[in-house]
Structure formats: structure tokens, C-alpha cells
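The block underneath contains the structure these notes are about, expressed in C-alpha cells.
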Amino acid sequence: MESRYDVNEVESRIYEMWEKSGYFNPDTCVEKGVTKVGAEPFSNILPPPNVTGELHMGHAAMLVIEDIMVRYNRMQGKKTLWVPGTDHAAIATQSKVEKEISKKEDKNRHDLGREEFLRRVNEYAQKSHDFIVKQIKRMGASLDWSREAYTLDATREKAVHAAFQKLYDMGLIYRGNRVVNWDPKGQTVISDDEIIYEERKAKFYTFRYSKDFPIAISTTRPETKVGDTAVAVHPDDPRYKKFVGKEFDVDFVGVPLHIKVIADEAVEKDFGTGALGVTPAHSAIDWEVAQRHKLPLVQVIDERAKMMVDGPLKGMKAIEAREWIVSELAKQGLIEKEEEVTQNVSTAERTGAIIEPLPKLQWFIGVNKKFKVESSKLKGVKSGSEKTLKELMKHAVESGEIKIAPDRFEKVYFHWIDNLRDWCISRQLWFGHRIPVWYCMSCLEPHVNLEVKSKWFLVRHGETDWNKEKRSQGSSDISLNATGKEQAEIIARQLKSEKVDLIVSSPLLRAKETAEIIGEATGAEIIFDDRLREKNHGVTEGMLIEEANKKYGNSYTYEATISGSEGYADVELRAWEAFLHHKKDHHHKNVVIVSHGGTIRTLKKRLRNLSIEEMFALPGTKNTEVLEIDSAEKCKKCGSDFYEQDSDTLDTWFSSGLWPFSVFNWPQETADLKTYFPNSVMETGYDILFFWVARMILMSTALMGQVPFRQVYLHGLVRDAKGRKMSKSLGNGIDPLEMANKYGADATRLSLIIGASAGNDLKLSEDRIRGYRNFSTKIWNIARFIQMNKPTILDLPSVKQSDGTKKHRKTDYVQYLDELEKLKLEITKHLDNFEFHLAGEKLYHYIWHTLADVILEKEKLGLRSDDAAKAESYDILETLLLKSLKMLHPFMPFVTEEIYGIFRPGKMLMVEKW
RNA sequence: GCGCGAUUAGCUCAGUGGUAGAGCGUCACAUUGACAUUGUGAAGGUCGGAGGUCCGAUCCCUCCAUCGCGCACCA
């Protein structure tokens with residue numbers, strides 16, 4: 001043995017050896033006979049790390065704890081499976097890439113287009129994934145890589161679609177217009193759980209809408225009050241009883257409001273003035289009040305947190321509007337009180353933006369809706385019984401079918417469920433599972449998991465100099481400029497990933513050139529159709545639009561206004577005729593239509609069944625925009641056969657929620673699913689109990705009628721030596737990879753185990769890791785010493801009896817073995833009870849301070865004696881060492897495996913019997 | 001407001017109804033030894049405070065304090 005233990009050399013070699021052996025895969029273990037065919041299964045799924053960069057110490061802790069459980073169970077002879085995977089982490093990954101692009105190229109995702117942006121995100125995700133896998137392996141995790149999964153891969157997509165369909169059919173997924181949490185920075189809706197409350201100082205104003213309004217109200221957000229439609233008071237409040245039911249028209253800082261006074265139990269008499277200004281559009285609570293009293297809803301703040309009401313407020317930022325309104329009220333002498341209060345402000349977890357409650361049409365999972373539980377395997381829930389998701393989620397833990405350790409988290413879990421509201425699952429993001437719903441273009445009827453037969457893409461030509469100069473450009477043959485060519489390339493790139501069969505283009509030069517660029521990229525045939533050309537502008541052709549308008553008036557009208565020119569009505573007629581013609585001829589093909597802004601507008605009008613006004617209100621088609629239209633079976637409601645897919649994506653936790661069975665390729669009925677589901681354990685950080693653990697229980701009880709796992713084990717967070725959260729901005733993170741390279745993965749592993757009890761945070765410092773590095777060195781040297789003293793003659797008659805059992809002369813030896821056997825019982829018990837820190841500490845103590853300091857020192861005497869005594873001393877030392885190594889293996893797999901291999905060539909400790 | 005956790009050696013933390021433990025750090029001594037060190041030993045603690053149960057409490061119960069966290073409220 002080398003005098004020095006070279007961690008890096010050993011650890012990389014050993015992991016490779018494990019991987020090659022195939023023993024990470026339980027099927028191989030059975031094949032090679034190290035696991036019995038009928039062995040009890042033990043399964044665990046790795047909480048998939050986000051593909052947002054790299055792993056931190058928290059991930060390392062998770063890997064180590066799980067690897068200990070997995071290795072222990074594998075050595076126990078169970079059919080042990082640990083499934084690896086990664087999570088696409090929609091909003092986290094998307095916003096990371098967006099930030100990068102904005103920093104490096106000063107562009108946003110819309111500049112790049114959906115396809116190109118997604119290409120970039122996927123590229124980033126792939127890189128992250130590769131690095132993460134490397135890191136995971138470096139930590140020694142014995143995962144079955146042959147079963148690796150990704151929350152956004154094709155197999156998991158099937159699971160997502162099946163789950164959506166099933167929940168939709170059960171009536172649990174619905175689309176509704178409700179007040180949701182809008183993140184103005186991320187430009188997306190987020191769920192209640194993605195909100196972080198921050199305490200901030202705020203001013204609490206008490207005022208009246210106007211002089212002639214009898215009731216004063218209070219708020220910290222005066223800017224929302226232009227959206228008030230009622231004032232609510234408590235039914236028993238004598239001060240206001242006389243006003244209940246009355247309606248008032250008031251002038252609030254120049255905005256006319258119609259306010260109804262209503263009585264509602266939700267109002268607290270003692271809070272503020274005891275009267276609540278109800279803003280149904282911008283407060284979830286008010287929205288509920290409004291639902292009860294059938295109040296109208298007035299949205300006054302838009303998606304960019306700007307004011308929407310007419311008058312001086314229009315376009316003002318919400319914060320500015322607040323100041324403006326307060327000063328107006330002050331001028332009018334309407335403010336009665338102004339107090340400093342601390343309030344909890346809702347901010348978005350990912351972007352930090354202040355949440356703006358907005359009414360929006362979104363997809364939800366109803367948690368309070370009763371549904372029929374089909375084929376239930378849940379304890380105490382009969383198949384066919386009616387339950388709500390909330391009830392099932394609670395029941396799964398209450399019945400004891402899922403146990404949570406430490407058990408105090410069960411209480412936390414129940415409390416969360418009690419407060420749970422419907423889960424908003426749609427996100428205005430691009431990265432993620434597209435919502436598998438198609439809306440009929442003409443009647444908007446939703447169709448889930450529509451089978452698309454062919455795709456039609458409407459694109460506009462690239463920019464020309466005339467576009468740039470804002471000239472009226474109709475039937476002239478103008479070439480693309482440099483920007484235009486680039487734009488055509490962008491479109492071509494987006495379409496490259498689609499199987500395009502045919503390009504139908506307007507014959508005008510700018511369209512023709514665009515079509516050719518697309519044709520080159522996709523290899524599709526190009527045909528021309530004169531009916532797709534741009535509107536004929538007549539005499540204004542080529543003029544600056546501004547001048548033309550001055551001279552001839554606005555000619556961008558439905559009916560033609562200039563003789564010899566066309567109106568949009570004319571364009572619509574011929575363009576639609578062309579569209580129908582090609583649809584008839586090429587209905588089974590994927591077709592790109594290259595045309596012009598005006599022409600596309602009229603096609604959209606026909607396809608979407610728009611009015612003339614609605615058509616003109618459409619935003620112009622961008623030169624890089626691809627409008628995808630899907631052709632499928634006729635709509636069951638109106639008979640149209642063109643659809644547009646919902647442009648939103650699903651909350652990343654929707655796909656994560658399916659993970660316990662989607663990794664086994666559900667909805668296929670695989671052998672894995674049968675064997676390993678429900679999973680034996682779910683090990684993860686307590687910080688994602690709600691985000692993830694609860695969602696898995698929701699999905700599993702609803703879709704599988706089973707619990708997703710039997711035991712939840714929650715570990716604490718890894719913090720720095722001062723107890724702070726490790727973060728990039730603080731620069732206090734300890735990189736697991738760096739530590740593994742410096743001190744060894746074994747030492748890093750032990751530092752994450754000892755001193756960390758379940759559910760409690762762990763403070764980690766490099767010093768601690770160094771301490772355990774010394775322990776690896778110690779073990780190495782214990783082994784080296786024993787090996788160095790290996791006698792040449794081993795099989796002494798006095799040592800080995802005829803029946804093969806060993807008999808030892810000294811009672812010491814029996815004691816040693818008894819002592820170790822006792823330790824083994826303790827270690828086993830600790831591992832069964834998830835007390836890894838206790839097991840680790842006891843092993844550490846035994847090996848160093850009993851085996852090395854006491855036993856080995858004592859046996860040195862024997863090793864220096866005659867052959868028989870030497871053989872005996874050697875024998876007991878080797879026995880104790882190897883038994884210890886076996887127990888230590890789950891904790892420090894590398895050094896133990898390496899030494900074991902030296903003493904027992906050809907054997908692998910990883911699959912030795914516990 | 002409701003709930004949870006923590007409070008033990010200088011630091012970071014384990015732990016137990018019956019003389020207080022580890023790692024790191026400090027000090028002394030030993031050692032080129034299997035040990036890029038290690039060994040032996042030492043110093044250092046009314047186990048947050050106050051009550052209670054008990055023969056006996058750091059541990060169980062009650063109250064309080066400080067720190068941290070979760071949830072709710074937030075007109």
C-alpha cells in the first residue's frame with residue numbers, strides 16, 4: 001500500500017469501477033446473483049436538482065444522506081433502486097438565461113423569438129446538467145444512471161399530458177378568471193407558495209373618496225382605490241348600519257366611482273375605520289367579498305404595474321400614482337389620518353418584484369372540489385368515494401400511510417393544507433411544459449391533448465428599407481435589407497426544428513426572398529400565390545405613410561378609400577380564398593405561408609372570427625414572429641378545424657409532482673412501477689415540504705390512488721460557519737466539488753452527516769471537513785499497518801478449527817468481537833431510525849479511539865512475537881478492520897472500498913452483506 | 001395573532017431521568033512512529049432563567065427571556 005492515501009486518484013478510479021460493475025442497477029445485482037430475485041425492494045428517487053448551474057452543499061448533503069440509505073439497504077440484500085434526474089425548473093432557469101442574455105447582448109426573450117430563446121435555454125440546461133452529473137458522481141452517489149430522467153424529456157411529457165387530461169376529466173383542473181399573483185418583473189403569474197413576505201414600513205392613509213361620501217376608509221395602497229366598487233362594513237356595526245344597501249356616485253380625485261355599501265362578516269369592526277374599500281380586481285380578499293356580493297370588477301393596474309384609468313393617472317406607475325393621489329386628496333382636505341405601519345409586502349421569490357394582484361384568466365387545480373376516487377389503494381379510502389384533494393392529502397399523512405420525520409413537520413404540513421387555496425398552474429413563461437390545451441380558433445372551445453394533424457405557420461417577410469423609412473409598401477418589388485435578411489434567418493431557424501413540407505409565398509420580392517431563406521433552411525418546396533400579396537395601395541405606393549395620410553387621408557381601412565387601391569376587405573377576400581385553396585390541397589402537410597403584415601391581419605380575422613374593430617386592434621405581426629396554427633379534427637362545438645395551442649406553460653411543480661411515478665414511465669404500466677412504486681422513502685430539505693412533497697402527495701393520491709412514498713425524511717439546510725444561508729452574493733458558499741478535490745469526497749460526506757440531526761440546520765466550515773480528512777488518513781494507515789504486518793503463514797491450526805470457525809486463545813479477542821457486534825447492533829438501529837449522525841459519530845469514535853488507539857496498540861505486542869501469536873493478532877485485526885469498513889462503507893464509500901479491495905481482491909464491498 | 005425550532009466547553013454542535021460528550025481551538029508532555037502527523041494528559045460547563053413532578057432533571061411539565069423559522073393577517 002502507498003504510504004499516502006491519494007484521494008483524487010482513488011476516488012475517481014473507484015467510482016468508475018462501481019459504474020462498470022453495473023451494481024447501481026438492481027437488475028444487474030439480481031442477474032449477477034448479489035441480490036435475490038424475490039428480495040424486498042427499496043426505492044428512492046433523487047430530488048432532481050434544478051438545471052440552473054451547479055450543485056451547492058445542500059445538494060451534497062442530500063446526496064450523502066440518500067447514498068447512505070441506499071448503500072445500507074443494498075448491503076442488506078434489498079433490491080435497491082435510486083433514480084437520478086434533473087428538473088428543468090421553469091422560472092428559475094428561464095430567468096437565469098434571460099438575465100445572461102440581457103447582460104451580454106442587451107436583448108430580451110422577445111427579441112430572440114420563442115424557438116431561439118428556448119434553444120438557448122436548452123443549451124444552458126444541457127451544460128448545467130452535464131456539470132451537475134459530474135458533481136453528483138464525484139460525491140460517490142450510487143445512482144442507477146441507466147434510469148436517468150429529466151422533468152422536461154419526452155417520457156415525462158407524456159406523463160404531464162396524461163396527468164393534465166385525467167385531472168381535467170375529473171373536473172379538478174379548470175380555467176378561471178380570478179385574482180392571481182402577478183409578478184411584474186417576471187411577467188408571469190406565480191402561485192401562493194412562490195411568494196416571500198418582506199416586512200416594510202408603509203403609510204396607512206385614512207380618507208374619504210370625496211366630500212359627499214359619508215364613510216372614511218383606510219389603505220396603504222390608495223392607487224388601487226380608483227378600482228373600488230363597494231365599501232364593506234360589518235353587519236352589526238351601528239355606525240354604518242344606516243348606509244348598508246345605499247349606492248353612491250363619487251368623484252375620487254377626478255375618477256368617477258360607483259360605490260355600493262355592503263355588509264360582510266369578513267370586516268373587522270375594530271380595524272381602521274371599520275369600513276373596507278373593496279377593490280375586487282386588485283386584492284384576493286376583496287375579490288372574494290366581491291364574489292359574495294356580485295360586485296363588478298374594475299381593473300385599474302396593468303401587467304407592467306401601470307395605471308389604466310383615463311385621465312391624468314393613465315400610464316402612471318402604480319407607485320407614482322399613489323403619491324399623486326395622496327397629494328390630490330391632501331389638496332382637497334380629505335385625508336383624516338396618516339400612520340406609519342409595518343406591513344408584509346408580497347414579493348416574488350425569483351425576481352424580488354412586488355406582487356401585483358391582478359384578475360387573469362388562468363388554469364387552476366381545485367383543491368376543495370369533491371371528485372370520485374377511482375380504484376383507491378389508500379388506507380381508509382374506498383374506491384368510488386367522493387373526496388377533495390385537500391382531504392386526500394391530509395388523509396395520507398393522518399392515516400400513517402406516509403410518515404414524516406421529524407414528526408413535528410406533520411403539524412406544519414396539516415396547517416399548510418388547512419390554508420391551501422386553489423393552485424394556479426399556468427405560467428406566462430416559455431421554458432416548461434406547454435399547457436396541452438388547444439383553443440378552437442373560431443369559438444375558443446378548449447380541447448385537451450388535441451391530436452395535431454398538420455401545422456400551418458403564418459410568417460411575415462423581413463424588413464426592407466421602405467419598412468424602415470415607414471413608406472407605404474404594397475405591390476412594389478423591394479428587396480430585404482440586412483436586418484430583414486437576419487430576421488428571415490431567425491424565422492428560418494425557428495422553423496428548422498419543424499418538419500416543413502411546403503412554403504406558399506406571396507410573389508412580391510421581399511416575401512420571395514424570405515421564402516427562399518426559409519426554403520434553404522428547411523429544404524421545403526416553394527410555390528407562389530398571387531392572392532397572398534400585400535394590399536394594393538394605389539397612388540400612395542412608395543410614399544411616406546405620414547405624407548400619404550396627409551394628402552389622401554388614412555387609407556388603411558376596411559373599405560377602399562382611394563380609387564385604384566384595395567381596402568382590407570378586398571385583401572381578406574383573396575387571401576382567405578388562397579388559404580382555403582391550399583388547405584384543401586395540402587391539408588396533410590406542414591405549410592409555411594410567407595406573406596405581408598396586412599394580409600396576415602386579414603387571415604387572423606377569418607381564423608379567429610374577429611370583428612373589423614378587433615382586427616384593427618391586433619398588434620402588427622413582427623418580422624420575426626411565427627404564428628403557429630394547428631389543424632386537427634373538427635371542433636366538437638363549432639366544426640372549425642384550426643386551433644391555437646395555449647401559449648402558457650405549466651408551473652414547474654406540476655411536472656415535479658409527478659416525479660415519484662413519472663420516473664417509472666407512467667402512464668405506461670412498467671415493471672419498475674409495479675416493483676418500486678410507492679417509493680420507500682422521500683428524502684429532501686424541509687424548505688420544499690410545501691412546494692414539492694405536498695404536491696407529490698396531491699398528484700399521487702389523485703392520479704394513482706396511492707401514496708407516492710412511505711416515509712418522508714426532511715434534512716436541514718447547510719449554512720456557513722456563522723449560520724448564514726450560503727449564497728453567491730454573500731460569497732460564503734463552500735463548493736462541494738472543491739472540498740472533494742481538496743479533502744476527498746469521503747471527508748466531505750462525513751462532515752455533512754456528523755453534527756446534523758434531522759430537520760435541523762447544519763453549520764459547516766472547512767475546518768470540520770479537514771478534520772474528517774484526517775480520519776480518512778487514519779483509516780488508511782490503520783489498514784496499511786495491518787497489511788504491513790501480514791504474516792506469511794496464516795492458517796495456524798490453533799486459530800482455525802476443523803469446522804471452519806475460528807477459535808481464539810485470548811479472551812480479549814472474544815471481547816473485541818462482542819464489542820464490535822454490539823456496535824453493529826447500534827449502528828443498524830440508528831440507520832433504521834434515520835439517525836445517521838449518531839451512527840457516523842459512533843463509527844468514527846470506534847475506529848479511531850478503540851480500534852486504533854486501544855486494540856491495535858495492544859496487538860502490536862502480538863505482531864512482534866512468534867508466528868502463531870503474530871498470525872492470531874493479525875487475524876483479529878484484519879477481522880475487526882474489515883467488519884468496521886463494512887459498517888463505515890455507506891458513510892465513506894471510497895476509502896472503505898479501496899482498502900477492502902486490497903484485503904479481499906476481486907470482492908466488492910458495495911455489494912457485500914451487511 | 002397561531003405554530004415550530006434553538007439556547008450545553010472559547011467556537012460549531014451531539015447527547016441522556018442517575019458522576020456531562022465530540023470536532024476545531026488552547027496549554028503541557030511524548031513521538032519520525034502505521035499516521036503531510038499522531039499519542040497521552042490538562043484547562044475550560046450551576047447544560048438560557050424561574051418554578052414544578054421525581055429519591056434524583058440538562059433531559060419530563062409550566063411560565064418567561066433571547067435568537068431563528070414557518071403560516072396567517074396586512075382595510
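Chain letters run A, B, ... following the sequence lines, proteins first, then strands; residues in each count from 1.
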Review point. What nucleic acid atoms does A:H849 come within less than 4.0 Å of, heavy atoms only: base, sugar-phosphate, or nothing?
Key: sugar-phosphate
Study note, to complete from the structure: Taken to the nearest whole Å, OH/A:Y197 to P/B:G1 is 18 Å
**Study point:** Charged N-O contact under 4.0 Å between A:R221 and A:E356
**Key:** yes
Revision key, fill the gap. Result for 5'-nearest mapping on RNA chain B, choosing between A:Y844 and A:I217, is A:Y844
Practice item. Nearest-nucleotide wise, let me know which of A:I754 and A:N774 is further upstream toward the 5' end of RNA chain B. Key: A:I754
Practice item. Please confirm whether A:Y713 and A:F409 have ring centers closer than 6.0 angstrom. Key: no
Check your understanding: How is A:R768 classified with respect to the nucleic acid when contacts are heavy atoms under 4.0 Å: base, sugar-phosphate, or nothing?
Key -> nothing
Review point. With a non-hydrogen cut-off below 4.0 angstrom, is A:K411 in contact with a base, only sugar-phosphate, or nothing?
Key: sugar-phosphate
Check your understanding: What nucleotide, of B:U38, B:C74, B:A75, holds the atom closest to the side chain of A:I285?
Key -> B:C74
Check your understanding: In whole Å, what separates the C1' atom of B:U16 from that of B:C24?
Key -> 24 Å
Review point. At under 4.0 Å between heavy atoms, what does A:T342 touch on the DNA or RNA strands: base, sugar-phosphate, or nothing?
Key: nothing
Check your understanding: Does A:W287 have A:R292 sitting over its ring (NZ/CZ under 6.0 Å from centre, angle to axis within 45°)?
Key -> no
Practice item. For A:V267, report the nucleic acid contact type (base, sugar-phosphate, nothing); a contact means any heavy atom under 4.0 Å. Key: base
Check your understanding: Can you find an N or O donor on one side and an acceptor on the other, under 3.5 Å apart, linking the side chain of A:E835 with the base of B:A14?
Key -> no
Check your understanding: When the P atoms of B:G3 and B:A43 are considered, how many whole Å apart are they?
Key -> 46 Å
Practice item. May I ask you to check whether A:D264 and A:H234 show a side-chain donor-acceptor distance below 3.5 Å? Key: no
**Study point:** Separation of the C1' atoms in B:C2 and B:G10, to the nearest angstrom
**Key:** 38 Å
